[in-house]
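Data first, discussion second: the structure below is written as structure tokens.
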Amino acid sequence: MPTPTSLIMGKMIITMTLSQRMPSVTTASYAEAKTVVFWDVDECPIPEDLDPQSVYQNIRTALANKGYHGEVSIMAFGDRNQIPGYYESAGIQIFPKGDKYDRIGQMQLEFFGWMRDNSCEYTNMMVVTRSAMELVSYLEYKNTHHNILFANPLYPQTKACGCKFGARQEDPSAETWVWETLALGGDPSIKTVEEPCRYRE
């Protein structure tokens with residue numbers, strides 16, 4: 001797949017290194033920092049019996065339970081057939097893009113834009129999508145003020161070898177939320193050993 005133009009632009013904006021572990025939330029800088037959530041609503045849809053408002057509140061609860069007490073904002077990508085105002089009424093900014101590549105491209109633009117606009121601040125950035133590492137895998141993380149968090153659907157799409165599609169490097173986070181758990185305000189899973197090799201469409 002060709003490298004999206006937005007990704008090339010992003011590499012020009014900031015340089016980081018994925019080989020390094022993300023900073024601990026136990027530091028006051030990240031515990032009180034603002035958090036932005038980049039949410040692919042097509043690959044991680046709203047669970048049954050919930051709505052944007054409840055999901056927003058549940059994400060804030062999940063973050064607070066892990067020690068993140070700063071302001072939380074959410075950008076949602078996808079759901080081009082949404083009811084007007086469905087997300088906005090919950091305080092969620094919506095980018096109603098169509099196919100996967102349009103959504104990922106827009107998420108990259110907003111992702112790098114956030115980094116640029118908050119380059120001198122400590123912030124937390126949560127990526128909620130099946131393609132989380134595809135969004136950031138080309139980046140080199142080094143000496144930044146951004147703490148990257150991930151949330152994936154319960155069964156992320158994987159290759160027969162067990163590798164995630166779109167990921168060139170290992171997820172650097174020690175903790176990763178399962179979307180269905182995060183949407184209900186639950187805790188992330190702690191990484192211990194590799195999951196058995198599994199392929200799912």
Side-chain angles (χ1 to χ4, degrees), residues 4-7 9-11 13-14 16 22 30 33-47 50-64 66 68-139 141 144-153 166 171 173 176-185 188:
T5 302
S6 58
L7 196 52
M9 293 170 57
K11 291 183 70 176
I13 294 172
I14 192 163
M16 308 176 75
M22 293 296 112
Y30 293 103
K34 57 188 177 184
T35 299
V36 61
V37 180
F38 302 88
W39 172 23
D40 185 332
V41 297
D42 281 13
E43 294 195 342
C44 297
I46 296 175
L50 296 182
D51 55 29
Q53 181 64 43
S54 58
V55 169
Y56 195 165
Q57 294 301 322
N58 289 343
I59 289 176
R60 292 181 61 183
T61 297
L63 288 167
K66 293 303 295 181
Y68 299 96
H69 299 291
E71 173 188 342
V72 177
S73 59
I74 299 180
M75 300 181 192
F77 302 83
D79 196 2
R80 58 182 172 179
N81 297 317
Q82 60 157 316
I83 300 170
Y86 185 56
Y87 294 92
E88 292 90 340
S89 62
I92 298 172
Q93 186 177 6
I94 182 72
F95 298 85
K97 295 295 182 178
D99 64 25
K100 170 184 174 180
Y101 300 109
D102 284 342
R103 293 196 311 275
I104 292 297
Q106 186 65 51
M107 288 177 75
Q108 287 169 345
L109 286 174
E110 299 303 325
F111 187 90
F112 293 122
W114 173 271
M115 286 183 166
R116 178 197 62 218
D117 295 341
N118 297 274
S119 60
C120 296
E121 297 182 50
Y122 287 90
T123 74
N124 304 297
M125 302 172 67
M126 173 177 278
V127 182
V128 182
T129 176
R130 186 184 301 277
S131 309
M133 288 304 296
E134 185 170 338
L135 178 65
V136 299
S137 62
Y138 294 91
L139 297 177
Y141 290 87
T144 74
H145 300 299
H146 305 292
N147 177 31
I148 312 298
L149 308 170
F150 294 97
N152 303 312
D171 178 346
S173 302
T176 298
W177 269 271
V178 172
W179 163 243
E180 291 81 356
T181 301
L182 173 65
L184 294 172

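All values derive from a computational prediction rather than experimental measurement. Computed over heavy atoms, backbone and side chain alike; hydrogens, waters and symmetry mates excluded.
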Please round to the nearest 0.5 Å and tell me the distance separating atom [atom1] of [X] and atom [atom2] of [Y].
| X | Y | atom1 | atom2 | answer |
| --- | --- | --- | --- | --- |
| Leu63 | Arg60 | CG | CZ | 9.5 Å |
| Met115 | Thr123 | CE | OG1 | 7.5 Å |
| Met125 | Phe150 | CE | CZ | 10.0 Å |
| Met107 | Asp102 | CE | CG | 13.0 Å |
| Asn152 | Thr181 | CG | OG1 | 11.5 Å |
| Thr176 | Met126 | OG1 | CE | 9.5 Å |

(message) Against Gln106, only a single residue in Gln108, Arg103, Glu110 fulfils side chain to side chain donor-acceptor pair (under 3.5 Å); can you say which?
(response)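 When side chain to side chain donor-acceptor pair (under 3.5 Å) is applied between Gln106 and each of Gln108, Arg103, Glu110, only Glu110 qualifies.
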Using side-chain heavy atoms (C-beta onward) and a distance below 4.5 Å, is [X] in contact with [Y]?
| X | Y | answer |
| --- | --- | --- |
| His145 | Ser119 | no |
| Gln93 | Met75 | yes |
| Val36 | Phe111 | no |

To check you understand the geometry: which heavy-atom pair defines the closest contact between [X] and [Y], and what is its length?
| X | Y | answer |
| --- | --- | --- |
| Val41 | Ala76 | CG1-CB, 3.7 Å |
| Ala183 | Leu50 | O-CD1, 3.6 Å |
| Tyr87 | Pro52 | CD2-CG, 3.9 Å |
| Thr129 | Val127 | CG2-CG1, 3.7 Å |
| Glu88 | Ile94 | OE2-CG2, 2.9 Å |
| Asn118 | His146 | O-CE1, 3.4 Å |

(request) Give me the ring orientation class for Trp114 and Phe38: parallel if the planes are under 30° apart, tilted from 30 to 60°, perpendicular past 60°. (result)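 Taking Phe38 first and then Trp114, their aromatic rings stand perpendicular (interplane angle over 60°).
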(request) Decide side chain to side chain contact (heavy atoms under 4.5 Å, CB included) for Phe77 and Ile104; before the verdict, give the C-alpha distance in whole Å, the side-chain angles of both, and the deciding distance to 0.1 Å. (result) CA-CA 8 Å; Phe77 302 83; Ile104 292 297; over 6 Å; no
(message) Before you tell me yes or no, could you show the steps for Tyr86 and Ile46 under side chain to side chain contact (heavy atoms under 4.5 Å, CB included), namely the whole-Å CA-CA distance, both residues' side-chain angles and the distance that decides it to 0.1 Å?
(response) CA-CA 12 Å; Tyr86 185 56; Ile46 296 175; 4.0 Å; yes
Under 3.5 Å: donor-acceptor pair, side chain of [X], backbone of [Y]:
| X | Y | answer |
| --- | --- | --- |
| Trp39 | Cys44 | yes |
| Asp42 | Asp79 | yes |
| Tyr122 | Asn147 | no |
| Asp40 | Gly78 | no |
| Trp179 | Pro47 | no |

(request) For Asn58 and Thr61, test the side chains for any donor-to-acceptor distance below 3.5 angstrom and give the result as yes or no. (result)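 Asn58 vs Thr61: no donor-acceptor pair found between side chains.
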